[in-house]
Amino acid sequence: MKIVMSAAMALTLAAIATSAWAQSMPARNSLPYKDCIRTDQINEWHVVDPQTAIVRTGPYQRYLVKLTASCDKLGIGNPGLMFVPSQSDKATAPFRICGGVGEKVRSRYQPGCAIQSVSLIDEATFDGYRNHAKYHSVTTQQPSKNP
């Protein structure tokens with residue numbers, strides 16, 4: 001006995017499978033261009049846990065960076081946390097990380113880990129994460145003093 005599947009039935013099954021796959025993927029949160037992390041202005045970062053980092057640029061911009069997978073070696077070695085833009089970011093916004101597809105974080109001993117989301121956070125939230133962070137880096141923006 002031969003079973004023949006109609007084109008409509010095949011499309012329906014494909015749509016259901018695609019919908020189930022899309023629902024299993026976590027939602028992506030991407031910032032507007034003006035609010036993105038300026039990687040050339042990062043002056044403080046902390047790795048809170050293998051899937052969470054926080055970043056400060058300048059005195060007022062604070063960010064929460066969530067990763068799609070556990071990245072156990074982030075923060076280890078020098079440099080401990082580097083941001084890798086996507087291929088399209090390299091062409092349009094080379095020093096910005098917004099939480100888009102293809103953006104990653106890495107460290108000397110950790111291959112690139114995909115960024116799930118980037119969001120702005122307030123100072124109290126930043127301080128709370130910082131107090132529980134596993135690895136830290138702080139660069140002051142004070143001018144050097146000549147003797």
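Throughout, residue positions are numbered sequentially from 1 according to the sequence presented.
- Between the OG atom in Ser119 and the CG atom in Asp35 there is a gap of 11.0 Å [rounded to 0.5 Å].
- Of the inter-residue distances, the one linking Asn78 atom CG with Tyr109 atom OH reads 9.5 Å to the nearest 0.5 angstrom.
- Considering CD1 of Ile97 and CG of Asp89, their distance stands at 6.0 Å, rounded to 0.5 Å.
- Remark: the backbone N or O of Asp127 is paired with a side-chain donor or acceptor of Asn131 at under 3.5 angstrom.
- Nearest heavy-atom pair, Cys36 versus Leu31, reported as atom, atom and distance to 0.1 Å: SG-O, 3.9 Å.
- Linking ILVMFWY residues whenever their side-chain heavy atoms come closer than 4.5 Å, directly or via other members, places Leu74 and Tyr135 in the same cluster.
- Of all heavy-atom pairs spanning His46 and Ala133, the tightest one is CB-CB, 3.6 Å.
- Between the Gln110 side chain and the Arg106 main chain, no donor and acceptor come within less than 3.5 Å of each other.
- Screening residues 56-69 for salt bridge (charged side-chain N to carboxylate O under 4.0 Å, His left out), with sequence neighbours left out, gives Glu44-Arg56, Arg62-Glu123.
- Residues Tyr129 and Phe126 share a single hydrophobic cluster, defined by chaining ILVMFWY side chains whose heavy atoms lie under 4.5 Å apart.
- Applying the disulfide bond (SG atoms under 2.5 Å apart) rule to pairs touching residues 104-138 yields Cys71-Cys113, sequence neighbours excluded.
- Of the inter-residue distances, the one linking Arg108 atom CZ with Leu81 atom CG reads 15.5 Å to the nearest 0.5 angstrom.
- In terms of modelled atom types and a separation under 3.5 Å, the side chain of Glu103 and the main chain of Ile115 share no donor-acceptor contact.
- Hydrophobic cluster membership is shared by Val105 and Ile42, with clusters built from Ile, Leu, Val, Met, Phe, Trp and Tyr side chains linked at under 4.5 angstrom.
- One finds the OG1 atom of Thr68 at 9.5 Å from the NZ atom of Lys104 (value rounded to the nearest 0.5 Å).
- Residues Lys134 and Asp49 have side chains not in contact (no heavy-atom distance under 4.5 Å, counting atoms from C-beta outward).
- By the 6.0 Å contact criterion, CZ on Arg38 is enclosed, its count of non-hydrogen atoms from other residues, nucleotides or ligands being greater than 12.
- A donor-acceptor pair is defined here as one N or O able to donate and one able to accept, closer than 3.5 Å; no such pair exists between the side chain of Tyr63 and the backbone of Cys98.
- Without hydrogens or angle criteria, Thr125 side chain to Ile121 main chain gives no donor-acceptor distance under 3.5 Å.
- Within the 4.5 Å cutoff, no side-chain heavy atoms of Phe95 are placed close to those of Gln41.
- Side-chain contact between Val65 and Trp45 is absent, with no heavy atoms from C-beta onward closer than 4.5 Å.
- The minimum heavy-atom distance between Ser86 and Val101, with the atom names listed, is CB-O, 3.4 Å.
- Using modelled atom types, one side-chain atom of Ser107 and one backbone atom of Lys73 make a donor-acceptor pair closer than 3.5 Å.
- Between Ser30 and Gly100 the shortest heavy-atom distance is OG-N, 3.9 Å.
- The heavy-atom pair separating Gln61 from Leu120 by the smallest distance is NE2-CD2, 3.8 Å.
- A distance of 8.5 Å separates CG of Leu67 from OG of Ser117, quoted to the nearest 0.5 Å.
- Proximity of Thr57 to Ile37: side-chain heavy atoms (C-beta onward) are separated by under 4.5 Å at one or more points.
- Cluster annotation: Val84 is not connected to Val118 through the hydrophobic network of ILVMFWY side chains, with a link wherever side-chain heavy atoms come within less than 4.5 Å.
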